[in-house]
Amino acid sequence: MSGADPASAAAQPGERRGEVEIFLVAVEESGDRLGGALMRALKERASVPLRFTGVGGREMAAAGLASLLPVEDFSIIGFSAIPRRLPRILSHMYKTVRAVLARRPHALVIIDSPAFTLRVARFVHRFDPTIPIVDYVSPSVWAWRAGRARSMRRYIDHVLALLPFEPGVHRKLGGPPCSYVGHPIIEQASEFRPNAEEARRREATPPVIVVLPGSRSGEIARLAAIFGETIGRLRDRLGPIEVVVPVAPHLRARVAAASASWPLQPLIVTEQADKLAAFRIARAALAKSGTVTLELALSGVPMVVAYRVSALDAMIMRRVLTVPSVVLVNLVIGENVVPELLQEDCTPDRLTEALIAVIGDTPERRRQVEAFGKLDAIMQIGAAAPALRAADIVISETRNPLLAP
């Protein structure tokens with residue numbers, strides 16, 4: 001940001017009548033869900049009235065936020081997609097910083113999307129270092145650009161981590177104070193676990209295979225044909241199988257079109273309850289990398305992970321990634337139990353062989369199931385809800401002694 005000091009044009013906030021104002025910034029759907037849960041938890045924990053301002057989506061609006069900006073403008077994926085929307089993103093960034101400085105909230109909470117939110121935080125701190133800043137969701141400093149952790153210490157007061165290994169990473173890298181609050185999916189752990197009847201179906205024939213080609217149009221375009229051919233080869237090798245593809249409702253038509261040429265037509269489900277039901281009876285899964293690997297692991301479903309990105313993104317990722325695996329559940333467990341087939345390794349032949357290895361009663365299958373059994377202890381499943389843990393830390397960082405728990 002350049003030009004006039006944004007704070008110079010900011011009007012001082014009026015009398016808040018005893019309210020404590022918290023400014024939240026979430027510019028993608030996943031952050032919006034976290035923000036909505038956090039807002040509800042803050043209302044539950046706070047001892048004084050709260051006012052929420054900032055940027056968010058439907059979940060945060062339902063919890064009482066009138067967003068200053070349309071979140072839809074930020075829905076991008078991949079390094080190569082950023083330049084096309086950069087002018088609008090920079091404009092929104094500037095507006096967000098000005099809004100924070102104008103309101104001078106008792107705390108600023110930035111949620112995920114570090115390319116946008118960390119810059120907002122940095123500029124806010126530059127012009128008003130008295131505003132406490134909490135970062136909900138650590139950037140992936142453990143995967144790439146580790147130097148971000150040390151630089152964040154200058155302007156972030158506390159990081160709320162979704163993954164249990166992240167506080168140790170921040171300590172090692174000299175980052176800001178970081179506390180593990182828990183991933184939101186741990187609150188659903190019981191919904192992922194099969195009952196006795198579902199466990200019997202998991203072992204019965206024909207086996208149910210869950211296929212997850214992604215939650216974005218670009219992912220589906222790159223993976224659908226490969227996954228379809230893999231399913232066909234799997235059926236040729238094993239005999240009858242049932243295939244379930246859980247997708248978001250807005251992607252149903254796209255997935256239906258992409259799977260129309262598959263040699264075996266899948267059952268496409270869009271409801272969360274149907275997705276969970278499929279997980280509970282699935283023998284195995286073929287999935288793109290991401291949070292879904294944790295969900296499958298909580299269900300005890302052995303899996304194979306595959307992913308393809310553009311050639312440009314692949315070149316960049318190979319240069320910057322520093323982790324032993326791109327599979328999230330492998331990183332959480334601390335062991336590479338789930339095979340990952342990426343880029344040129346993401347082929348129907350290789351995916352078929354990897355899936356066959358986890359469908360039968362094999363050492364590969366048993367190794368995954370045994371490793372997944374450690375997740376309850378590692379992720380502290382059954383402890384306080386992540387949003388409540390997060391709310392308590394936000395309250396402790398807020399510059400208002402009346403709000404202290």
Side-chain angles (χ1 to χ4, degrees), residues 192 194 198-215 219-247 251-252 254-269 274-290 292-293 295-297 299-308 325-327 329-330 336-369 371-372:
F192 287 104
E198 291 165 332
R200 286 192 294 271
R201 176 63 187 93
R202 175 172 287 179
E203 300 304 320
T205 56
V208 174
I209 310 299
V210 171
V211 176
L212 299 130
S215 57
E219 294 170 337
I220 295 167
R222 285 187 290 268
L223 293 174
I226 298 169
F227 282 12
E229 190 172 344
T230 300
I231 290 302
R233 296 186 185 194
L234 197 63
R235 182 195 59 184
D236 293 343
R237 294 276 298 275
L238 299 180
I241 59 174
E242 294 182 5
V243 177
V244 182
V245 180
V247 297
L251 291 172
R252 181 184 179 90
R254 186 177 296 273
V255 171
S259 62
S261 60
W262 288 11
L264 173 65
Q265 287 303 294
L267 172 64
I268 300 174
V269 299
D274 293 331
K275 168 187 167 181
L276 293 172
F279 280 19
R280 292 194 297 266
I281 63 172
R283 179 82 62 86
L286 172 60
K288 69 102 181 175
S289 62
V292 72
T293 64
E295 296 178 343
L296 289 165
S299 287
V301 181
M303 71 194 87
V304 173
V305 167
Y307 204 55
R308 273 192 180 181
S325 173
V326 301
V327 180
V329 70
N330 284 347
N336 288 353
V337 295
V338 174
E340 53 192 87
L341 298 169
L342 314 175
Q343 291 304 104
E344 59 273 7
D345 291 329
C346 180
T347 66
D349 281 341
R350 294 194 177 191
L351 293 175
T352 301
E353 293 301 326
L355 276 168
I356 288 174
V358 297
I359 289 174
D361 183 16
T362 63
E364 291 89 348
R365 180 181 179 85
R366 290 193 292 271
R367 184 184 178 212
Q368 286 197 36
V369 171
F372 298 161

Walk me through it: do Ser299 and Arg202 pass the test side chain to side chain contact (heavy atoms under 4.5 Å, CB included)? CA-CA 11 Å; Ser299 287; Arg202 175 172 287 179; 4.2 Å; yes
Derivation and outcome, side-chain hydrogen bond (donor to acceptor under 3.5 Å, both in side chains), residues Glu340 and Tyr307: CA-CA 8 Å; Glu340 53 192 87; Tyr307 204 55; over 6 Å; no
Apply side chain to side chain contact (heavy atoms under 4.5 Å, CB included) to the pair Val243 and Phe227, showing each step before the final yes or no. CA-CA 11 Å; Val243 177; Phe227 282 12; over 6 Å; no
Begin from the C-alpha positions of Val329 and Phe372 and carry the test side chain to side chain contact (heavy atoms under 4.5 Å, CB included) through to its verdict. CA-CA 8 Å; Val329 70; Phe372 298 161; 4.2 Å; yes
Would Leu264 and Leu234 count as a side chain to side chain contact (heavy atoms under 4.5 Å, CB included) if you check the C-alpha gap in whole Å, the side-chain angles of each, and the deciding distance to 0.1 Å? CA-CA 10 Å; Leu264 173 65; Leu234 197 63; over 6 Å; no
I would like to know whether Arg237 and Glu353 meet salt bridge (charged side-chain N to carboxylate O under 4.0 Å, His left out); could you show each step before the answer? CA-CA 10 Å; Arg237 294 276 298 275; Glu353 293 301 326; 2.6 Å; yes
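Separation of atoms SG (Cys346) and NZ (Lys288) is listed at 13.0 Å; rounding is to 0.5 Å. Rounding to the nearest 0.5 Å places OG1 of Thr347 at 8.0 Å from CD1 of Ile226. Here Ile268 contributes atom CD1 and Asp274 contributes atom CG; the two are 12.5 Å apart, rounded to the nearest 0.5 Å. Annotation: the span from Arg367 atom CZ to Thr362 atom OG1 amounts to 11.5 Å, rounded to 0.5 Å. Between Leu342 atom CG and Arg350 atom CZ the span is 11.0 Å, to the nearest 0.5 Å. Put simply, CZ on Arg201 and CD on Glu242 are 5.0 Å apart, with the number rounded to the nearest 0.5 Å.
For the pair Pro339 and Gln368, the minimum side-chain heavy-atom distance is below 4.5 Å. Between Glu229 and Leu351 there is no side-chain heavy-atom pair separated by less than 4.5 Å. Side-chain contact check for Leu286 versus Thr230: some heavy-atom pair is nearer than 4.5 Å.
Contact record, Gly300 with Val369: O-CG2, 4.2 Å, taken as the closest heavy-atom pair. Taking each heavy atom of Val210 and Pro246 in turn, the nearest pair found is CG1-CD, 3.8 Å. Taking all atoms of both residues into account, the shortest heavy-atom contact from Pro302 to Arg283 is CD-O, 3.7 Å. A pairwise comparison of heavy atoms in Val247 and Arg252 identifies CG2-CA, 4.0 Å as the closest pair. Residues Val292 and Ala287 approach most closely at CG1-CB, 4.1 Å, considering heavy atoms. Between Ala224 and Ala258 the shortest heavy-atom distance is CB-CB, 3.6 Å.
Of the possible polar contacts, one joining the Ser259 side chain to the Val255 backbone as a donor-acceptor pair under 3.5 Å is found. A distance-only check finds no donor-acceptor pair linking the side chain of Glu364 to the backbone of Leu355 [under 3.5 Å].
Around CZ of Arg254, the count of heavy atoms belonging to other residues, nucleotides or ligands within 6.0 Å does not exceed 12.
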